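Structure, as structure tokens:
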Amino acid sequence: TLTRGFDGARERLAGVRALSENNVDEALREVRASLLEADVDFQVVKDFLGRVKERTLGEKVETRVKDAGGQTHRVTPGQHFVAVCEQELTELMGPVDPELSVADGVTSVMLLGLQGVGKTTIAAKLARHLQKKGRRPLLVAADIYRPAAADQLEQLGRSIDVRVHRGETGEQPPSICARGRALARDGGYDAIIYDTAGRLAIDDELMVELEAIERETRPANKLLVCDALMGRDAVNVASAFAERIDLSGLVLTKIDGDSRGGAALAVKAVTGVPIKFLGTGETVDRLEEFRPEGLASRILG
Amino acid sequence: GLLGRDADAALFDELEALLFTADLGVRTAEDLLERARREAGGQDGAAVRAVLRNAIAEKLATIEHVGEPLATTGQPHVILVLGVNGSGKTTTIGKLAARYRAAGKTVLLGAGDTFRAAAREQLQTWGERAGCDVIVGPDGGDPAAVAFDTVKAARARGVDVALIDTAGRLQNQAPLMEELSKIARVLGRDIEGAPHETLLVLDANTGQNAFSQARQFAEAAPLTGLVLTKLDGTAKGGVIVGLADELAIPVKHVGVGEGVDDLRDFSADEFVDALFA
Ligand SMILES: Nc1nc2c(ncn2[C@@H]2O[C@H](COP(=O)(O)OP(=O)(O)OP(=O)(O)O)[C@@H](O)[C@H]2O)c(=O)[nH]1
Ligand SMILES: Nc1nc2c(ncn2[C@@H]2O[C@H](COP(=O)(O)OP(=O)(O)OP(=O)(O)O)[C@@H](O)[C@H]2O)c(=O)[nH]1
Ligand SMILES: [Mg+2]
Ligand SMILES: [Mg+2]
């Protein structure tokens, strides 16, 4: 049933001689159902279908195209429709921008997001990623609430030979991060990753804490970590976080599951920042730089 | 109706958006709206809303847990807890342990997540908070062995309830799902009827993937209940409406926060109220 929508659209247009408002509307209905089932936000679906309709009916269809090998192929209206869908979706998901910003010679990253999305795991993955690029990273365990959170980051850090700075008993997260930053400066670390506690964007006290961490550390990169299993509320969550923190990018985790990850579309649309990385598994090597094409075809089904 | 066809269409568009944003899913939402149209189409907004609300409440009433939530059927009463990564299993076990302790029961926890960094330490902290011991195994060791050791110890010590934690896993990963089936089998081997409860912990933020989760976890180990966590957030957990139709697994508890007392029994009425809030 995951590929139903797109196959459905293809079926509707099989043998069609020319795209008309009628047959395009039918095909769009199939795509709509498929996208909604993939957790793509209602409004994003509406806008997307509107653009696809406009382009497929408005553009002159190239019925003969040359491929990369110089071979000429006949393109059916149905294939043209599918190609437009893919292009539009890829555009929605793009651009390709996995670069992390550097400030004062340091690649500083602050990770934030809801509970359980994969921040701590991403912190370790990013540390390893930067280490492989020749940087000397420091991990900062700024979650003082979750039982054994600092232990978790420490164990992950140990597995990749990356130092982890944790707070003293009773020390608050902004102070832990400020001292972590000082440690990085004095210790010659050229990358620092602040792992924060999972929080609800509607929890004002914790959002104030996040803003305090941001003020103390001025991270060059502020990444919202999102779970590919999330549904519609991802949009509300993302815009609530974006309201308080000036985000620089998104990380989408658990992409190794069978969720189609459509919520990512709306999150990208509402925050306007690029998806930088994908978490593709539980182990610390499972991090990929984001490529829009892969996710686009997965969401379309 | 009173306001004419345009108002009717606008009302149904608004209700459709409400249902979609609550994660009810296309098919469930369309069925419910179709029923609302049949029974109250042409009537005013309040009437349509009432029909919709009742239709949802009816579906959810079928998955409200029947009987005393803390009832035990075994000695020990064995509860296996499973679900995808980060859904709230370990935290939920901590909360359940505290509830059983408050009800005068003795509890033993099994640190069945032998894989993830500091999983054991996390559960041990909850054990301290709830006032119960935790049976552990070696790093990377066989989780079925820890499950077995836990129920064996529970029986030997005359403990009332054994809660078995498992590692998070994604349902499309066959070897991990087989590992889960093995844990469930091993439990049954040592204690007649174990696990007496098998709870799928589902994050209220989950979208349509919840259906795949419920189906595939149920295949690995027959589920007796769901725990819907993180309902203190903005997500409504509407996936359970469709799940009620498809799998009829009772929702036993809901998680409403990160503290030890943040667990409530599922109430269909409260859930529907929140949906329409
Ligand atoms: N399969 C899979 N699991 C992941 C991925 N990323 C993280 N996880 C798992 O998801 C669970 C939660 O990860 P954490 O890193 O603890 O999440 P967190 O956001 O730090 O959680 P809190 O600090 O409690 O908010 C763990 O079981 C991780 O192993 C991924 O890309 N794929
Ligand atoms: N707000 C809120 N957070 C919760 C709730 N239940 C659990 N959490 C948080 O969600 C995060 C993950 O919880 P865990 O108990 O580690 O989840 P898990 O399923 O055991 O995770 P893995 O073992 O890594 O698969 C933690 O930060 C918890 O505090 C809840 O009902 N509300
Ligand atoms: Mg964490
Ligand atoms: Mg756990």
Side-chain angles (χ1 to χ4, degrees), chain A residues 1-2 32-43 45 114-118 120-121 124 145-159 197-203 227-237 240 253-254 256-263 281-282 284, chain B residues 13 16-17 20-27 29-30 84-91 94 115-126 128-129 139 167-173 176 203-213 216 229-230 232-239 257-259:
Chain A
T1 53
L2 282 189
R32 175 184 186 261
S34 175
L35 290 177
L36 289 175
E37 272 178 11
D39 293 316
V40 183
D41 174 80
F42 206 48
Q43 192 57 44
V45 173
L114 290 181
Q115 291 87 350
V117 295
T120 304
T121 310
Y145 311 104
R146 169 173 157 152
D151 294 333
Q152 183 186 6
L153 195 62
E154 264 184 346
Q155 286 181 20
L156 288 171
R158 204 171 311 137
S159 73
R199 69 201 64 221
L200 299 177
I202 53 172
D203 184 331
D227 184 328
L229 313 178
M230 267 190 95
R232 293 311 155 58
D233 202 53
V235 190
N236 302 327
V237 169
T253 63
K254 306 178 198 173
D256 47 315
D258 60 14
S259 167
R260 287 165 61 197
E282 289 199 68
V284 95
Chain B
D13 277 350
E16 186 183 48
F20 281 154
T21 47
D23 287 317
L24 260 83
V26 182
R27 211 171 325 160
E30 288 183 343
V84 300
N85 307 71
S87 58
K89 299 175 290 301
T90 306
T91 306
F115 169 75
R116 208 206 69 210
R120 177 202 300 126
E121 291 81 344
Q122 184 185 6
L123 190 65
Q124 283 173 324
T125 306
W126 280 108
E128 285 166 24
R129 285 180 185 175
D139 279 345
R169 68 204 66 221
L170 298 183
Q171 67 276 17
N172 59 332
Q173 291 164 7
L176 298 182
D203 185 332
N205 288 292
T206 313
Q208 299 309 302
N209 192 253
F211 289 86
S212 165
Q213 288 180 28
Q216 294 187 71
T229 60
K230 308 180 198 173
D232 47 314
T234 45
K236 306 276 175 152
V239 288
E258 303 188 68

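Note that these values count all heavy atoms, side chains included, but never hydrogens, waters or copies made by symmetry. Please read these numbers as outputs of a predicted model, since none were measured by experiment. Every chain is numbered from 1 and lettered A, B, ... according to where its sequence line falls, protein lines coming before strand lines.
Side chain of Asp233(A) to backbone of Asn205(B): no donor-acceptor contact under 3.5 angstrom is found. Side-chain atoms of Asn172(B) come within 3.5 Å of backbone N or O of Asp256(A) as a donor-acceptor pair. Of the possible polar contacts, none joining the Gln208(B) side chain to the Glu37(A) backbone as a donor-acceptor pair under 3.5 Å is found.
Applying the side chain to side chain contact (heavy atoms under 4.5 Å, CB included) criterion to Asp13(B), with sequence neighbours excluded, gives Glu16(B). Every residue meeting the side chain to side chain contact (heavy atoms under 4.5 Å, CB included) condition with Phe115(B), not counting sequence neighbours, appears here in chain and number order: Glu282(A), Thr283(A), Asp113(B).
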Practice item. Evaluate the side-chain contact (heavy atoms from CB on, under 4.5 Å) criterion for residues Arg116(B) and Gln152(A): first the C-alpha distance (whole Å), next the side-chain angles of each, then the deciding distance (0.1 Å), finally the verdict. Key: CA-CA 8 Å; Arg116(B) 208 206 69 210; Gln152(A) 183 186 6; 3.6 Å; yes

Point to revise | Full working for side-chain contact (heavy atoms from CB on, under 4.5 Å) between Gln216(B) and Asp258(A) | key: CA-CA 11 Å; Gln216(B) 294 187 71; Asp258(A) 60 14; 3.2 Å; yes

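Thr234(B) and Asn236(A) share no donor-acceptor pair across their side chains, judged by distance under 3.5 Å alone. Using modelled atom types and a 3.5 Å distance limit, the side chains of Asp203(B) and Gln115(A) yield no donor-acceptor pair.
If you take CG on Leu200(A) and CD on Glu258(B), they are separated by 7.0 Å, rounding to the nearest 0.5 Å. Atom-to-atom distance recorded for Asp39(A):CG and Thr206(B):OG1 is 9.0 Å, nearest 0.5 angstrom.
Contact count versus chain B (heavy atoms, under 4.5 Å) is highest, among Ala228(A), Ala124(A), Gly231(A), Ala234(A), for Gly231(A). Ranked by heavy-atom pairs under 4.5 Å with chain A, the first of Glu30(B), Gln124(B), Gln171(B) is Gln171(B).
In this structure, chain B has no heavy atom under 4.5 Å from any part of Arg158(A). Only the side chain of Ile202(A) comes within contact range of chain B, judged by heavy atoms closer than 4.5 Å.
Scanning all heavy atoms of the two residues, the minimum distance from Ala148(A) to Ala118(B) falls at O-CB, 3.7 Å. Closest approach of Ala33(A) to Val26(B), counting heavy atoms only: O-CG2, 4.0 Å.
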